[in-house]
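Keep in mind the model is a prediction, meaning the values are calculated, not measured. First the proteins, then the strands, lettered A, B, ... as listed; each starts at 1.
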4 protein chains.
Amino acid sequence: MPPIVSEEYKVNRKKLILESALKCFAEKGFELATIDDICARSGMSKGSIYNYFKTKEDIYIQLMNEQTRENFEYFKEAFLTITTATEKLQFLLKTYREVSLTEAFKNLTLVHGEFWLSTSRKKEIRSIMLERYQNVYIRFVKEILDEGKANGEFKHDFDSSVIATLFWTYIDGICLDYAVIGNEYPYCEIFRQTEAMIFSLILKRD
Amino acid sequence: MPPIVSEEYKVNRKKLILESALKCFAEKGFELATIDDICARSGMSKGSIYNYFKTKEDIYIQLMNEQTRENFEYFKEAFLTITTATEKLQFLLKTYREVSLTEAFKNLTLVHGEFWLSTSRKKEIRSIMLERYQNVYIRFVKEILDEGKANGEFKHDFDSSVIATLFWTYIDGICLDYAVIGNEYPYCEIFRQTEAMIFSLILKRD
Amino acid sequence: MPPIVSEEYKVNRKKLILESALKCFAEKGFELATIDDICARSGMSKGSIYNYFKTKEDIYIQLMNEQTRENFEYFKEAFLTITTATEKLQFLLKTYREVSLTEAFKNLTLVHGEFWLSTSRKKEIRSIMLERYQNVYIRFVKEILDEGKANGEFKHDFDSSVIATLFWTYIDGICLDYAVIGNEYPYCEIFRQTEAMIFSLILKRD
Amino acid sequence: MPPIVSEEYKVNRKKLILESALKCFAEKGFELATIDDICARSGMSKGSIYNYFKTKEDIYIQLMNEQTRENFEYFKEAFLTITTATEKLQFLLKTYREVSLTEAFKNLTLVHGEFWLSTSRKKEIRSIMLERYQNVYIRFVKEILDEGKANGEFKHDFDSSVIATLFWTYIDGICLDYAVIGNEYPYCEIFRQTEAMIFSLILKRD
DNA sequence: AATGAATGAGCGTTCATTCAT
DNA sequence: CATGAATGAACGCTCATTCAT
């Protein structure tokens with residue numbers, strides 16, 4: 001009657017699969033990475049993996065959910081000690097600027113990109129992806145922007161929804177191109193320039 | 001032994017394959033489109049297609065070469081009657097702004113995106129893609145920027161290489177997100193805003 | 001070491017499994033119904049089910065035994081108040097004629113059919129199925145026929161073994177075709193006609 | 001431009017696959033026989049088989065079409081020299097009676113039976129099977145019966161559609177039970193008895 | 001040059017059964 | 001006796017590429 005294995009055990013198994021999958025996806029891309037690859041990496045059997053996840057796609061979805069959750073928890077945690085909207089936005093940008101440089105993040109970006117693209121043709125996951133995009137990513141930045149407006153930090157003559165979209169579009173563009181092109185990409189300059197431009201759109205001029 | 005079929009014949013066959021492939025890739029994506037799809041569309045046999053192209057990838061590469069060539073020929077042609085660098089850049093942006101809205105271009109963007117991403121993992125085509133990126137795309141904008149600098153239209157305190165990169169990064173980001181998200185994406189505002197920002201970086205203030 | 005759980009408990013558990021299995025088999029067919037389906041329906045665990053039954057096949061076998069036992073108990077019970085062989089046969093036919101029309105029985109027929117067919121290729125269960133066929137089904141009708149002969153109700157010029165076989169062959173054919181074809185099958189006419197024919201074979205003419 | 005291989009070559013390949021499939025299906029049943037089994041038997045590769053057939057199901061469907069076609073061609077051919085409806089029906093019954101005894105036909109019956117049963121749960125093939133049942137099997141017998149009515153050979157007080165259905169129901173029942181039970185089944189007596197009964201339903205009494 | 005039949009490794013997924021706890 | 005996580009062989013099917021004609 002009591003569970004045979006602890007909840008913790010199961011959580012760890014799932015984590016193991018997700019970690020292994022992430023490595024595999026990063027290495028070969030989502031499509032090219034096989035369930036067998038994930039088995040080999042995790043040391044688990046095929047059947048076991050399918051006990052924890054419904055499909056290969058499901059692994060990706062949950063992987064992204066986990067990552068997104070961790071990301072935004074990290075930001076929210078940090079924001080407890082940050083009072084201005086300006087600093088929050090700076091923190092966000094700084095985080096992306098710094099993490100983008102790691103090899104792991106570059107691989108992750110490629111996987112995300114691959115999935116993001118495939119989204120447009122796969123009806124079933126499209127809504128999941130778009131919902132997360134709108135309700136997590138866009139909303140998060142929009143709230144900072146609105147806070148800054150209310151604060152008096154930011155101007156009032158911009159549509160925070162549009163600027164939030166623009167924010168992520170630029171981040172997407174930068175991360176993607178950097179992930180593909182690599183060190184030849186003038187990453188730092190582009191990032192700095194973009195930050196400056198975004199702030200010039202929203203900050204009140206002195 | 002003279003060739004049995006004329007050079008022109010062969011060029012036309014190749015063109016037919018490329019056109020068919022383009023439609024197939026746009027419809028289903030590069031990975032999901034099959035050689036059989038291309039056969040069906042072109043009315044040619046598999047063997048025939050492999051006479052003209054080494055691999056499926058090769059079809060894509062040559063397709064992109066052709067498209068890129070046509071694109072920039074179009075721009076160069078147009079530039080014959082455009083004298084200022086500012087107007088050239090405006091023309092470039094306007095072209096992308098307008099074409100991006102077409103369904104066909106959105107599908108094409110997805111295919112390019114798919115391939116651009118996969119580039120990072122496939123050694124063989126990586127150099128081809130990067131070479132084109134640098135020597136065609138970046139260079140083209142860079143030359144306009146440098147011309148503007150020389151002209152006195154633009155400021156001198158920016159790195160035209162960086163701004164050219166930034167230019168395409170933003171275009172990439174916008175086209176990609178728009179292609180995936182669709183009509184919910186505030187395409188026009190983002191595009192206009194981006195244009196304004198780019199010009200604010202390079203134009204001399206009055 | 002006395003048993004930890006009562007015999008009654010075990011009987012009930014078994015019954016629960018058999019009932020759940022019956023519903024699952026009827027719904028999806030024997031092959032397509034999974035042990036997990038049966039778990040879900042019964043609320044029991046996989047391990048538990050395998051404590052009571054050796055294999056999935058074993059579940060079917062015991063299920064059929066139970067059903068057959070109940071069937072013939074029902075008939076025997078009813079026969080206590082029926083004196084003539086003619087009426088017994090009529091009762092038997094009437095029961096099948098009426099029950100065949102229910103959706104549940106149609107699904108059951110499909111499962112039996114599926115298993116009956118597979119019987120011919122599976123050595124292990126073949127003898128079980130054939131034994132039941134001969135010693136229960138055929139014998140039951142044969143005894144009625146012999147009783148009728150002894151009674152003077154029926155003629156003596158038929159082989160009761162053959163007629164019993166014929167009886168079930170026709171019932172099989174009718175139930176099966178009706179179960180597959182559905183409402184387009186002229187069920188009533190076929191059944192009535194068949195009854196008439198069988199009786200014309202065995203009844204003494206006036 | 002001309003086909004690389006002759007039409008005849010392709011027809012033979014298809015025939016080879018169908019023959020191999022039939023043997024595999026007969027040996028193991030449709031579900032349990034694998035495409036690999038068919039490959040092994042035919043000496044062809046998996047891909048090749050899928051060049052000729054869309055799915056495993058498709059192999060079965062075409063196999064049955066071919067068999068049905070051959071069957072009824074055989075009957076129609078024979079009927080050219082048979083003038084009375086009575087004799088036609090007798091020929092039909094005789095053919096089944098004789099062929100049923102062969103091991104090959106028994107196996108075939110099992111495969112047909114398996115598929116016939118599965119029909120009820122598979123929407124996609126249901127219509128194909130039922131259409132063939134009604135428009136080929138039932139119609140064929142019905143036409144003989146109507147011919148006999150018109151001839152004056154048969155009575156007029158029966159519904160030829162119902163009797164045709166009854167005809168095949170009995171044939172189905174007999175073939176199936178015989179295929180499963182084997183030599184213990186009193187095949188000849190059952191068949192003779194059934195023939196007599198059917199004719200007693202339709203023949204005018206002297 | 002054109003054809004298209006042949007190939008076969010490879011894929012994601014299923015599921016009856018086992019067995020450590 | 002109960003549990004349910006683990007197993008892994010097996011399946012139908014795909015598709016880029018080859019090559020005999």
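A donor N or O paired with an acceptor N or O is found under 3.5 Å between the base of F:dT17 and the side-chain atoms of B:K46. Remark: the D:N51 side chain and the E:dA6 base include a donor-acceptor N/O pair separated by less than 3.5 Å.
Counting non-hydrogen atoms under 4.0 angstrom, D:F53 reaches nothing in the nucleic acid. Among the heavy atoms of the strands lying under 4.0 Å from C:Y52 are primed sugar atoms or P, OP1, OP2 only; no base atom is included.
More than 12 heavy atoms of other shown residues, nucleotides or ligands fall within 6.0 angstrom of atom NZ in D:K122.
Pair assignment for E:dA6: F:dT17, on the basis of Watson-Crick or G-U wobble contacts that are both within less than 3.5 Å.
Residue A:S45 places no side-chain N or O under 4.0 Å from the OP1 or OP2 atom of F:dA6. At F:dG12, none of the side-chain N or O atoms of D:Y60 fall inside 4.0 Å of OP1 or OP2 (strictly under the cut-off). Phosphate contact (OP1/OP2 of F:dA2, side-chain N/O of C:Y9, threshold under 4.0 Å): present.
Among E:dT7, E:dA16, E:dG4, the nucleotide with an atom closest to any side-chain atom of C:Y50 is E:dA16. Set against E:dC11, F:dA16, F:dC13, the side chain of B:T34 has F:dA16 as its closest nucleotide.
A salt bridge links C:E27 and C:R41; the closest N-O separation between the charged side-chain nitrogens and carboxylate oxygens is under 4.0 Å.
Summary of the strand contacts: D:E57 and B:G47 both lie near DNA chain F, and taking for each the nucleotide with the nearest heavy atom, the more 5' one is attributed to D:E57.
The distance between atom NZ of A:K10 and atom P of F:dA6, rounded to the nearest whole Å, is 10 Å.
D:E114 is linked by a side-chain contact (heavy atoms from CB on, under 4.5 Å) to C:L117, C:R121, D:F30, D:E31, counting only residues two or more places apart in sequence or in another chain.
Heavy atoms only, all atoms of each residue included: A:L18 and A:L63 are closest at O-CD1, 3.5 Å.
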